[in-house]
Amino acid sequence: MIIGTFDGIIILLLGIGINAFGLYVRRNPTFTWQASESWKTKGDGEPSDAYISSMRFRGAVALWIGSFVMVMGILNLL
């Protein structure tokens, strides 16, 4: 019984982490562009609208997956 409870808590924490990451990506979609792509442009380059939309979509998908994982963790605790 204690092993099932531990697994449920770990799954729940994983879901919370995925949700936090998805929410951060939805709120600030340009943070990865600044770290990985901005050095390739000369001057004040900005990410394209397609890139921003793609990152927001990925954040929404992460929120859905995180919510699903959290529900599975809660069901495992019951």
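Sequential numbering from 1 along the given sequence is applied to the chain's residues.
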Kindly compute the distance separating [atom1] ([X]) from [atom2] ([Y]), expressed to the nearest 0.5 Å.
X: L63; Y: F21; atom1: CG; atom2: CZ; answer: 10.5 Å
X: I9; Y: L14; atom1: CD1; atom2: CG; answer: 13.5 Å
X: I16; Y: I11; atom1: CD1; atom2: CD1; answer: 12.5 Å

- Partners passing side-chain contact (heavy atoms from CB on, under 4.5 Å) against Y51 (at least two apart in sequence or in another chain): T32, W33, P47, S48, M55

- Item | side-chain contact (heavy atoms from CB on, under 4.5 Å) involving I74 - partner list, sequence neighbours excluded | L12

- Task: Identify the two heavy atoms, one from G22 and one from A62, that lie closest to each other, and give their separation to 0.1 Å.
- Result: CA-CB, 3.7 Å

- So, for P29 and R56, which heavy atoms are closest and what is the spacing to 0.1 Å? CG-NE, 3.8 Å

- Query: Is V71 reachable from W64 through a run of I, L, V, M, F, W or Y residues, each pair having side-chain heavy atoms under 4.5 Å apart?
  - Reply: no

- Query: Under a 4.5 Å cut-off applied to non-hydrogen side-chain atoms, are R58 and V61 in contact?
  - Reply: no

- Item | Residue pair N28, T30: steps toward the side-chain contact (heavy atoms from CB on, under 4.5 Å) verdict | CA-CA 6 Å; N28 190 7; T30 61; 3.4 Å; yes

- Query: Counting only heavy atoms not in F68, do more than 12 fall under 6.0 Å of its CZ?
  - Reply: no

